[in-house]
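Everything quoted here is computed from the prediction, not taken from an experiment. First listed ligand is number 1; within each ligand, the first listed atom is number 1.
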Amino acid sequence: PTTVTVPATGLVLLVGVSGSGKSTFAREHFHPTEVVSSDACRAMVSGDEGDQDATADAFDLLEHWVGIRLRRGLLTVVDATNVQQRARASLVALAKRHHVLVDALVLDVGESTAAARNEARPERDFGAHVVRRQQRDLDRSRRGLRKEGFRRVHVLGPAELAAGVTIVRER
Ligand code: ATP
Ligand code: MG
C-alpha cells in the first residue's frame, strides 16, 4: 500500500472532482471530527447541503471552523473539491497564519469514473458538465500545485487507491 504522511497538527486539503471519493476516503482514514466538509457547512448555514446559493456563507463557516481547530493544534482535513486555485490559496494562507504545515491530497480517478459514480447518486443531480469543469480546473492546477505553499502534494490515482493507502501522522 501507498504511505501518505500528513502533519499531525496541521491541515490536509483533499483535492478532487465531485465523485472522486473524497468523503469516502475521509471516512475511511480519519476520525469524523477531523474532517471539515463544505457540504456539512452548507447544511449548517442553509438546512440543505446541496444549496449552492449558500456557498459563500458555507466557506466563511468552514474557514472559521478550520481556524479554531488549527489554533488548538488539531489535525484537520478539508473535504471540499479544492480544484480552484483561489479556494486552495485561502486555506493555505489560513495554515500559514496558524504556523502549521499544510499538505494537499489529490484524488485523481479520472473524469469518466467520477461522472459515472455521480450518475448513481440521488443527492448529486447536476450534469456531467459540472465534473468536466472541475476536471479542467484540476488539470490547470496540476503544474503549479507544488508552488502553492504545500509541504507535500500527494497524488493518488486509481491504482494507488485500489491497492490501499496508509495514513501516517508525522509530528
Ligand atoms: P462530492 O465532491 O460530490 O462530495 P466525493 O469526492 O466526496 O464527491 P464520494 O461521495 O466519496 O465522492 O464518492 C462518490 C461515490 O463514489 C459514492 O457513491 C461512493 O460510494 C463511491 N465511491 C467512493 N470511493 C469509491 C471507490 N474507491 N470505489 C468505488 N466507489 C467509490
Ligand atoms: Mg463529498
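Here Arg136 does not pair with Glu111 in a salt bridge; the nearest charged N to carboxylate O distance is not below 4.0 Å. The pair Asp39-Arg124 counts as a salt bridge, with a side-chain nitrogen and a carboxylate oxygen less than 4.0 angstrom apart. Salt-bridge check for Arg88 with Glu148: passed, with a basic side-chain N closer than 4.0 Å to an acidic carboxylate O.
Where the criterion is an N or O separation shorter than 3.5 Å, residue side chain and backbone included, Thr81 fails it with respect to ligand 1. Remark: ligand 1 and Arg124 share an N or O pair separated by less than 3.5 Å (distance only, no angle test). Looking at Gly19 next to ligand 1, an N or O pair under 3.5 Å apart turns up.
Shortest non-hydrogen contact noted between Asp108 and Pro158 is O-CD, 3.2 Å. For the pair Val106 and Val153, the tightest heavy-atom approach, listed with the atom from each and the gap, is CG2-CG1, 4.3 Å. The two atoms that bring Arg69 and Leu75 nearest to each other are NH2-O, 2.7 Å, heavy atoms only.
Ser37 lies apart from the Mg ion (ligand 2) in this respect, since none of its N, O or S atoms is found at a distance under 2.8 Å.
Residue contact check: Val17 has heavy atoms under 4.0 Å from atoms 6 (O) of ligand 1. Listed by number with element, the atoms of ligand 1 under 4.0 Å from a non-hydrogen atom of Ser20 are 6 (O).
Here Lys22 has heavy atoms under 4.0 Å from ligand 1 in both its backbone and its side chain. Counting heavy atoms under 4.0 Å from ligand 1, residue Asn118 does not touch it at all.
Comparing Ala116, Ser23, Ser38, Gly50 against atom 7 (O) of ligand 1, the shortest heavy-atom distance belongs to Ser23. Of the candidates Gln134, Arg121, Glu119, Glu28, the one placing a heavy atom closest to atom 10 (O) of ligand 1 is Arg121. Ranked by closest heavy atom to atom 26 (C) of ligand 1, the top entry among Arg117, Glu123, Glu49, Arg27 is Arg117.
Of the possible polar contacts, none joining the Ser112 side chain to the Gly110 backbone as a donor-acceptor pair under 3.5 Å is found.
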